[in-house]
Asker: 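Here it is, the structure in full.
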Amino acid sequence: MSDKIRGALAIFVGAFGLFRSYQLWHAGVRGWNPPLLLLAGLVLIVLGSWRLRKKRVDVRSDLLQ
C-alpha cells in the first residue's frame with residue numbers, strides 16, 4: 001500500500017475518532033475515553049497529512065548519477 005493511501009486512511013480514521021469523541025462527550029461520558037479519542041484522532045490526522053505531503057525518494061535516480 002502506498003503512502004498516499006495510508007495517509008488518506010489515517011486522516012479518515014482520525015476524523016472518525018474526533019467525531020466519536022464529540023459524540024461521547026455530549027452523551028455525558030466522562031473519564032479517559034473522550035480525551036484519548038481526541039488525542040488519537042489529532043495524532044492520526046497529523047501523521048496522515050505528513051504522509052500525503054511526503055515526497056517519495058527515487059532510488060533509481062540516485063543510482064544513475
Asker: Return the minimal non-hydrogen interatomic distance between K54 and K4, and the atom names on each side.
Answerer: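 Minimum heavy-atom contact is O-NZ, 4.1 Å.
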
Asker: Are V43 and L36 connected in a single hydrophobic cluster, I mean Ile/Leu/Val/Met/Phe/Trp/Tyr linked by side-chain heavy atoms less than 4.5 Å apart?
Answerer: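 L36 does not cluster with V43.
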
Asker: If I compare all heavy atoms of G31 with all of P34, which pair ends up nearest, and what's the gap?
Answerer: O-CD, 4.2 Å

Asker: When you look at R51 and L47, which way does the side-chain contact (heavy atoms from CB on, under 4.5 Å) test go after all the steps?
Answerer: CA-CA 6 Å; R51 280 184 184 254; L47 287 176; 5.7 Å; no

Asker: Between I45 and L18, is there a side-chain heavy-atom distance shorter than 4.5 Å?
Answerer: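 Touching, per the 4.5 Å side-chain cut-off.
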
Asker: Between atom CD1 of I5 and atom CG of L52, what is the distance when rounded to the nearest 0.5 Å?
Answerer: 10.5 Å

Asker: Measure across I11 and S49 and return the closest heavy-atom pair with its distance rounded to 0.1 Å.
Answerer: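 What the structure gives for the nearest pair is CD1-N, 3.7 Å.
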
Asker: Are more than 12 heavy atoms, taken from residues, nucleotides or ligands other than R30, located less than 6.0 Å from that residue's CZ atom?
Answerer: yes

Asker: How close do L37 and S21 get, heavy atom to heavy atom, and via which atoms?
Answerer: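 Where L37 meets S21 most closely, the heavy atoms are CB-CB, 3.8 Å.
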
